[in-house]
Colleague: 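Let me give you the structure first, and then I'll get to my questions.
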Amino acid sequence: MNILLSGSSQEIAEGATGFDLFKDRSIVAMLVNDKPRDLANVIQPDDSVVGISLESAAGLEILRHSTAHVMAQAVQELFPESKLGIGPYITDGFYFDFDVAEPFVPEDIRRIEKRMKELVGKSQRFRRVEVSEAEAIELMKNEPYKLELIGLKSEDVAEGSIEVSPDGLSVYENINPDGTVAWMDLCRGPHLPNTRQVGKNFALLRSAAAYWRGNENNKQLQRIYGTAWDTKEALDSYTEKLEQAARRDHRKLGTELDLFSFPDEIGSGLAVFHPKGGIIRRVMEDYSRKRHEEAGYEFVYSPHITKSNLFEQSGHLGWYSEGMFPPMKLDSELDEHGAIKKQGADYFLKPMNCPFHILIFKSRSRSYRELPLRMFEFGSVYRYEKSGVLHGLTRVRGMTQDDAHLFVTPDQLQEELTKVLQFVLELLRDFGLNDFYLELSTKEDGNPKFVGSDEIWKSATDTLEAVAMASGLELVPDPGGAAFYGPKISVQARDAIGRTWQMSTIQLDFNLPERFDLEFVGSDGDKHQPIMIHRALFGSIERFFGVLTEHYAGHFPPWLAPLQVVGIPVADEFGDYLEEFCRGLKSEGVRVTVDHSDSRMQKKIRDHTLDRVPFLILAGARDQEAKTLSFRYRDGRQINDVGLQQAKAIILDSINAKVQV
RNA sequence: GCCGACCUGGCGCAAUUGGUAGCGCACCACUCUUGUAAAGUGGGGGUUACGGGUUCGAGUCCCGUGGUCGGCUCCA
């Protein structure tokens with residue numbers, strides 16, 4: 001019979017399987033008519049077949065999923081009472097959920113890993129068995145979670161579910177060499193031909209609880225995460241990547257470099273910035289202010305607390321009260337006759353700045369000539385984030401947003417959004433981030449929670465999309481991801497080690513202008529409602545600070561570095577020579593010091609390198625003689641015999657140009 | 001919020017079966033006066049997160065509170 005093998009026509013025997021087609025052992029599965037299948041599948045006439053090699057993305061997914069099966073088998077052997085949840089592959093690895101009486105402890109994880117290695121050595125075949133629903137129920141009768149999945153199969157099976165497919169049910173059995181069934185699981189496959197091919201390049205990483213089917217009202221199962229690779233080198237490089245990420249963790253660097261801390265006495269999620277962190281933060285803020293001023297923003301200020309009415313009118317108390325700190329209650333005072341002498345009130349810490357800016361807009365009547373009106377504030381807000389979600393500076397309870405609200409007429413919208421997006425990207429680039437993509441969050445059709453007419457959503461979404469497209473950046477749709485009050489664009493930035501962070505957001509709002517009856521007088525003399533744009537570039541200064549710390553691994557570029565230059569005399573007597581040079585830098589605003597301590601020069605180089613100072617300048621007799629000095633950089637580079645004028649220029653130029661050194 | 005683990009000088013870590021807190025770095029002093037990642041000697045510093053309990057005796061065991069970490073859920 002005839003088939004299409006890797007695109008070319010080929011004659012094969014009736015009943016041939018993938019094993020007959022692919023003799024190359026690195027082919028572990030195949031695409032049959034674009035669907036992933038086991039090699040054991042019998043090829044049908046006119047099928048289009050392409051091999052999946054182990055090292056391909058699809059191959060690694062299969063490897064990881066098969067590794068998850070081996071893990072589940074090991075767990076059920078070691079913990080016979082355990083029940084299976086789901087066990088998919090994920091980026092770089094896999095996990096499997098188990099219902100067990102006692103959560104796993106690290107010793108359990110080691111035992112499981114050891115048992116997995118033994119199972120790999122046993123060389124069990126993965127065998128697919130297609131079953132009817134009744135058969136599946138019988139086979140899985142001791143697996144309550146699997147039974148639940150079987151019941152779901154036809155209706156709301158999650159897209160990409162690894163257990164069941166809309167096409168029908170199947171189980172995968174692990175077959176011992178003697179033909180006995182060692183283990184089985186409900187699974188859509190495909191799998192590697194044999195556990196031996198799982199190899200040794202896997203590791204179990206951690207265990208943690210996870211809600212069954214991701215719903216917090218469901219029971220928590222115990223999830224074990226693992227990683228698996230095709231080669232030892234790939235596993236090692238992945239492990240190295242994790243270690244590298246751990247080394248640049250901003251929480252660790254924050255302590256090491258004395259940038260910020262979270263004193264227990266203050267409370268969870270509330271940071272203090274130390275002097276060195278304070279310099280970085282102030283430089284960030286100063287630069288942001290300068291750019292905002294140039295871009296036509298007006299600076300406003302608002303208090304940290306407000307009476308409840310403001311957030312009642314904005315609606316936040318209705319839908320967001322859980323995210324707010326509870327009120328400070330001022331009781332009303334009564335006189336001796338029981339009449340109210342002083343009205344009581346509830347004061348709230350503000351979780352957002354927009355209502356304040358709106359009140360400024362509303363403080364008098366506005367003309368179309370004033371629009372677009374752009375109000376900017378470094379606004380400190382407080383949100384009662386759940387304790388379990390707090391994370392260093394990136395998820396806190398008190399933060400300062402570089403927040404702006406733009407009030408525009410509908411026909412200004414496109415131009416203003418274009419400007420804002422450009423502005424955002426330029427500023428992010430100045431901070432050394434330059435690998436972006438955009439995400440466009442849009443309305444979910446038919447969901448009544450979204451306010452505003454379909455027409456306005458359509459036109460606003462189209463506008464946002466046009467603006468995003470015009471930026472030339474990759475645009476990823478996020479359907480249904482919009483807030484109920486309007487669509488948004490968010491800028492996602494990739495950092496130095498390829499992780500993505502949501503940075504800036506540009507959010508349209510159809511809700512608040514309505515709730516607050518915002519209006520301006522148009523050229524026609526009539527009143528019109530402005531459109532409101534919320535936007536933050538840093539998101540919050542704290543979070544941006546954390547992201548930058550990780551992006552640079554603490555090696556801030558000179559313009560941001562708390563200490564920019566340290567002078568290191570080769571011996572004490574050259575201290576004055578360096579001191580004089582550094583005075584010149586200081587008068588230019590450079591953050592510089594000369595280390596006169598009685599440590600050895602080598603020790604000073606070590607200390608200030610570990611402290612991530614961008615410019616170490618050294619001078620000894622030779623330099624004093626020749627009116628030169630030598631540069632030593634954080635990566636070990638050195639440039640010797642640099643003339644003093646040139647040295648000054650090198651330092652000032654790299655600070656002013658905001659470049660990394 | 002949920003599940004689990006953890007909390008010892010500023011930081012990183014030790015402390016047999018419960019027996020009365022040590023080390024390195026940092027800090028301070030002195031000696032050494034130095035050419036590209038750690039000189040030497042000496043010294044100070046901890047009611048072991050907090051509050052209870054068990055015990056002759058608790059860093060160690062038990063209970064509670066707070067905090068941190070890893071996930072899950074959440075991020076309007």
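Bear in mind that the values here come from a model prediction, so they are computed numbers and not experimental data. Just so we're on the same page: letters track the sequence lines, and every chain starts at 1.
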Colleague: Name all residues meeting the side-chain contact (heavy atoms from CB on, under 4.5 Å) criterion together with T91(A); count only those two or more places apart in sequence or in a different chain, and write none if there are none.
Modeller: none
Colleague: Who are the side-chain contact (heavy atoms from CB on, under 4.5 Å) partners of P275(A), not counting sequence neighbours?
Modeller: none
Colleague: For each nucleotide in nucleotides 30-36 of chain B, reading 5' to 3', give B when a protein heavy atom comes within less than 4.0 Å of its base, S when such contact involves only the sugar-phosphate, and - otherwise.
Modeller: -BBBBBB
Colleague: I need the residues from residues 483-491 of chain A with at least one non-hydrogen atom less than 4.0 Å from RNA chain B; give them sorted by number, or say none.
Modeller: A483(A), F484(A), Y485(A)
Colleague: Along nucleotides 1-8 of chain B, 5' to 3', which nucleotides get a B, which get an S, and which get a -, given that the test is a protein heavy-atom distance under 4.0 Å?
Modeller: BBBS----
Colleague: Could you pull out all residues at least two apart from E377(A) that satisfy salt bridge (charged side-chain N to carboxylate O under 4.0 Å, His left out)?
Modeller: K350(A)
Colleague: In chain order, what residues pass the salt bridge (charged side-chain N to carboxylate O under 4.0 Å, His left out) check against R494(A), with sequence neighbours excluded?
Modeller: D435(A), E474(A)
Colleague: Go through RNA chain B and write down every stem, that is, every run of at least three consecutive Watson-Crick or G-U wobble pairs with distances under 3.5 Å, as range with range.
Modeller: B:1-7 with B:66-72, B:10-13 with B:22-25, B:27-31 with B:39-43, B:49-53 with B:61-65
Colleague: Got a sec, which residues hit side-chain contact (heavy atoms from CB on, under 4.5 Å) with E625(A), two or more places apart in sequence or on another chain?
Modeller: none
Colleague: Looking at residues at least two apart in the chain, or sitting in another chain, which of them share a side-chain contact (heavy atoms from CB on, under 4.5 Å) with D517(A)?
Modeller: K362(A)
Colleague: Any residue in residues 239-267 of chain A with a heavy atom nearer than 4.0 angstrom to RNA chain B? Just list them by number, or reply none.
Modeller: R251(A), T255(A), D264(A)
Colleague: Among residues at least two apart in sequence or on other chains, which ones pass salt bridge (charged side-chain N to carboxylate O under 4.0 Å, His left out) with R251(A)?
Modeller: D249(A)
